Amino acid sequence: MAESSQTDQPDNHSTHETPAHDRLGYVPTDIEPRWQQYWVDNGTYEVNNDDPRPRYYVLCMYPYPSGPAHQGHVRNYTFGDLLTRYRTMQGDAVLSPIGFDSFGLPAENAAIKSGIHPRVFTDERIEELSSSLKRIGASYDWRRMVTSHDPEYIRWTQWIFLKFYEAGLVYRGNSPVNWCPGCQTVLANEQVNADGTCDRSGDIVERRDMEQWFYKITDYAQELLDDIEGLEWPNKVKTMQQNWIGRSEGAEFGLPVADANGKPRTDIEPVRVFTTRPDTSFGMTFAVMAPEHSMVDAVTTPENKDAVAAFQADVAGKSEIDRLSNDGEITKRGVFTGTHLVNPFTGKTVPLYLADYVLTTYGTGAIMAVPGQDQRDWDFAEAHGLEIIRTIEPPADFEGKAYTGDGPSVNSEWLDGLEITDAKKKAIAWLEEQQLGEQKVNYRLRDWLLSRQRFWGCPIPMVYCDNCGVQPVAETSLPVLAPDEVEFTPTGQSPLLNSDEFLVTECPTCEGPARRETDTMDTFVDSSWYFLRFADPTNTDAAFDMNAVGDWLPVDQYIGGVEHAILHLMYARFFTKALADLGIAPKDLREPFKRLFTQGMVKLGGTKMSKSKGNVIAPEAIIDSQGSDTLRLAHMQVKPPAEDVDWEDFGLDGCHRFLNRVWRLARTETDQLPKVRTGAATKADNEIEAATHRFIDKVTSDYERWSYNTAVAAFMEFTNLLYKYVQSEDGPHDHTTAFAVDSLLLTMAPAVPHITAELWTHRHDGAHIHQQQWPVADPDKLKSETVTMIVQVNGKLRDKIEVSVDISEQDAEALALASEPVIRQLAGGTPKKTIVRAPKIVNIVS
RNA sequence: GCCCGGGUGGCGGAAUGGCAGACGCGGCGGAUUCAAAAUCCGCUGCCCGAAAGGGCGUGUGGGUUCGACUCCCACCCCGGGCACCA
């Protein structure tokens, strides 16, 4: 490698008294471990809760411990580390903690495969990943490490569960769930592939109705929606959350069941429907119910029983994915119930169908169908020969089927002529007046199904008592821990189901025999409050101290992958709000993450890097050869941080070459310069000084706006400039160069911490660069006396003239008109008009 | 289908109404060297031209403006998310 040949060559500029290590070239494998040890030994990035400096909380999403770091980790933690070091140099007390999201399926699967206990397996992976993170040079307050599977953390996760239970934010309910027969557990939606198979095992996911535990996140739907606006998050993520919550306004009302004469029956409740378009109610020509609707039996006539039952069975056998995959087919699958409902707007009867395009989980599970204004209803009506009435007048040139645009109401009696907004208002007012229904807001957001039929997760602290029913475990008995002596079998069943040691307990209420809940919590529960625990990670009396959380939270900068845009970030927001409302977290802490940055994914040849694909470029191998500073710099340089990157585009060699250049510049510049220069500042001094201030200003603003690729460009450009001057005959004074080189090192220190620390300590008698103040550009020095004025003819560049910054408009125009290329372009003609923006530009229109 | 991004040299990208292509990679040339590596310096959008110089050029087509990669309208293509949500 490059550096090894250099180490053998004596430095030409060195004299015999230079210490041996000074003659060494840049050898990252030598300097990097030393500095990593130094930061740990000196507690450089440890902060206490009584730190008097201004607070700043930087957090990278804590990782699932999967073994040594991969490039995605490097990318994430490089940016986080850069910010931590940058803010520290700015004078802030920066809380930069790390932890591990250490519950999850891989550890359990490993246990099934090899018999290693998940804890042992997990602790080993944590060890590997911690070591990797240190080798990247990431700086943390390791004293604050939090792991999800730590009994102390489990205790407080369970405690919070109980508090939510007391507050009515936890309930047990029946719900159709994604069940993977291979994994023997329910799955979150994101664990199901688009083709309906399990992301992990490949089995076809089934829909099952199961009693499960839920967090009542829907209680917070409106607040979760409202508070998105105030977040400094990527718009993409904010939009995704808004769509996920999916607020829609409309009306809910009852459609009475009709008797044989078409009159409303009083012996059966009306069928409730939700619609966002009450203004189109006169166009309702049929109604549709979800096949799982609780009223199906009651509304099905005897002669239709068989057909309805067959349809229900058919739908039940399908996964949700299958059921929705009919999209695009012209025929809407459905069956007639034999019953008619009364459209209260017209008094006429409409047939009631079951159809799988109506979902039981949204709204009331039943709809009024208005084929004239809804394409799904239109398709169904065509397939089943049902009437279609337009109630909104489409434009004359409209050629489609259902018309969903604006227009005046028609065929709607007392709504005729009204535009949609007014018609909606009037229709809702009428419904309320008639006491048939009311205005209603619906959300797409569902409650959070938190139970998992797995071993390696936080046990749900509930017991089942034959006398008292479901009972919460007493707070004093926490934590509920899974036993160690269990057998992992390849059936995939949780070993807890067969562990008497765990199962058998007594009822906290009546002290009679009881059985423990064997389900564990979704791992997203653990990650929903860890950022609070970091403020006070060793507290044994509470989940966290209110004041500590108040002092550090909200997180000033949260950094992670966009794949968590909805789930984790929504859950964490919900937890924070609920904890604040319960008086556990500060009342005014409404949002956990003030600012969010989502970094891009690292791919190889266009596909995601993953162990299973075997296309992994191991960071450690690069750290071994070129060093972590080179790797970090390459991650910064390759692309804007928010974008996905391909490993093929990385310029490792270029970055390594550059660091070598910086090394040589910082170690040898004084030897290459005329030793003592006195007297007035030279032209070179002035230019370098001005360039240094511009450079500091540029890097600072690039750091602030997450433009790390251009910051690297600035490092390189500035270094190139210094090389040019240092080598010239009439170079700058020593102190000018020293100022420039020091500024370069200081601004690079957050990005490439090891090389800059090493160079700084040599240049400044053992001082530590990361304890230096961030350099500030002098605003006066940013202004230059002359500037290049652009001269255009008809908007095209024709000349550049060096002018004084305060040149008058008249002088600027005169100079431009006197320019040789301008005269040639004008060819004797007189300009029609001249636009002068002194001193930047003159545009001559001919 | 809907909602977000994005489209600029051979490649990654820079430029938030005013010099298009910073910086890096790759390529070419030079210095150094016995030679090579490393290093240092220079050139490098396309076309015409010996040069001076000129023409063209930021997905496509229009528009606004003295001036548009940048703003507006329409369209094409690529990436991502959501997807029968009534």
Side-chain angles (χ1 to χ4, degrees), chain A residues 1-3 5-6 9 25 194 234-240 242-244 246-248 250 273-277 280 288 323-329 332 355-359 361-370 373-377 379-380 442-446 562-563 565-566 601 606 633-634 637-640 642-646 648-655 657-658 660-661 664 707 709-720 723-724 727 788-800 821 824-825 831-837 840-846:
Chain A
M1 293 309 297
E3 60 272 15
S5 61
Q6 276 186 9
Q9 287 185 355
N235 282 330
K236 179 170 63 166
V237 177
K238 290 163 80 164
T239 307
M240 283 167 78
Q242 280 158 354
N243 294 340
W244 187 264
R247 179 192 157 101
S248 51
V273 295
F274 172 74
T275 179
T276 54
R277 295 294 303 275
T280 65
V288 188
R323 186 166 152 183
L324 301 182
S325 67
N326 295 331
D327 192 26
E329 283 183 21
K332 287 280 176 184
D356 61 1
Y357 77 94
V358 173
L359 309 173
T361 46
Y362 185 79
T364 60
I367 61 160
M368 68 168 195
V370 185
Q373 268 71 236
D374 185 296
Q375 191 56 45
R376 294 158 303 176
D377 296 344
D379 293 341
F380 192 90
N442 248 312
Y443 300 92
R444 210 192 73 116
L445 182 71
R446 316 280 169 79
V562 74
E563 65 273 17
I566 293 171
M601 211 197 317
L633 195 69
Q637 190 239 15
V638 63
K639 255 192 177 205
E643 289 176 31
D644 286 353
V645 294
D646 202 296
E648 288 170 357
D649 298 326
F650 273 66
L652 277 177
D653 292 342
C655 289
R657 228 179 341 249
F658 167 71
N660 267 299
R661 250 166 101 75
R664 284 190 300 273
S707 186
N709 54 331
T710 54
V712 174
F715 299 153
M716 292 175 167
E717 203 171 3
F718 187 57
T719 302
N720 291 345
Y723 262 78
K724 203 166 290 176
Q727 288 176 342
T788 306
M789 184 174 79
I790 305 308
V791 182
Q792 297 179 333
V793 177
N794 295 326
K796 287 204 172 103
L797 175 77
R798 292 302 169 187
D799 203 1
K800 301 177 190 180
R824 194 164 49 231
Q825 282 296 320
K832 283 194 191 120
K833 187 174 177 184
T834 311
I835 289 96
V836 183
R837 296 281 178 274
K840 277 166 82 178
I841 192 164
V842 176
N843 188 13
I844 296 155
V845 186
S846 68

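Just so we're on the same page: letters track the sequence lines, and every chain starts at 1. Note that this is a predicted model, so its numbers are computed, not measured.
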Closer than 4.0 Å, any side-chain N/O of [X] to the OP1 or OP2 of [N]?
| X | N | result |
| --- | --- | --- |
| A/K796 | B/C66 | no |
| A/T710 | B/C23 | no |
| A/R657 | B/G24 | no |
| A/R837 | B/C66 | no |
| A/K840 | B/G18 | no |
| A/N720 | B/A22 | no |
| A/K724 | B/G42 | yes |

* Do A/M716 and A/V712 have side-chain heavy atoms sitting under 4.5 Å apart? -> yes

Can you tell me which nucleotide in [options] comes closest to the side chain of [X]?
| X | options | answer |
| --- | --- | --- |
| A/N843 | B/C4, B/A14, B/G67 | B/G67 |
| A/N243 | B/C19, B/C3, B/G13 | B/C3 |
| A/I841 | B/G13, B/G18, B/A86 | B/G18 |
| A/V358 | B/C82, B/G18, B/A86 | B/A86 |
| A/P640 | B/A15, B/G13, B/A86 | B/G13 |
| A/Y362 | B/C11, B/G42, B/A86 | B/A86 |
| A/I367 | B/C66, B/A86, B/C82 | B/A86 |
| A/L797 | B/A20, B/G13, B/G54 | B/A20 |
| A/I790 | B/G42, B/C19, B/G24 | B/C19 |

* Measure from NZ on A/K236 to P on B/G79 and round the result to the nearest Å. => 15 Å

* Protein-nucleotide distance (A/Q792, atom CD; B/A68, atom P), rounded to Å -> 9 Å

Both distances below 3.5 Å, Watson-Crick or wobble geometry, any strand: find the nucleotide opposite [N].
| N | result |
| --- | --- |
| B/A15 | none |
| B/U64 | none |
| B/C28 | B/G42 |
| B/A50 | none |

* Asked: According to the interplanar angle, ranging from 0 to 90°, do the rings of A/F715 and A/F658 count as parallel (below 30°), tilted (30 to 60°) or perpendicular (above 60°)?
  -> parallel

* Asked: Can you find an N or O donor on one side and an acceptor on the other, under 3.5 Å apart, linking the side chain of A/K833 with the base of B/C66?
  -> no

* To do: Determine the Euclidean distance between corresponding P atoms of B/G61 and B/C69; express it in Å to zero decimal places.
  => 14 Å

* Mark yes when over 12 heavy atoms from residues, nucleotides or ligands other than A/K238 sit less than 6.0 Å from its NZ; otherwise mark no. => yes

* If you look at every strand shown and take non-hydrogen atoms under 4.0 Å, does A/E717 touch a base, only sugar-phosphate, or nothing? -> sugar-phosphate

* To do: Would you mind classifying the nucleic acid contact of A/G246 as base, sugar-phosphate or nothing, using non-hydrogen atoms under 4.0 angstrom?
  => nothing

* Where each residue is assigned the nucleotide of RNA chain B containing its nearest heavy atom, which of A/N442 and A/V845 is assigned the position nearer the 5′ end? -> A/V845

* To do: Taking syn as within 90° of 0 and anti otherwise, name the glycosidic form of B/G9.
  => syn

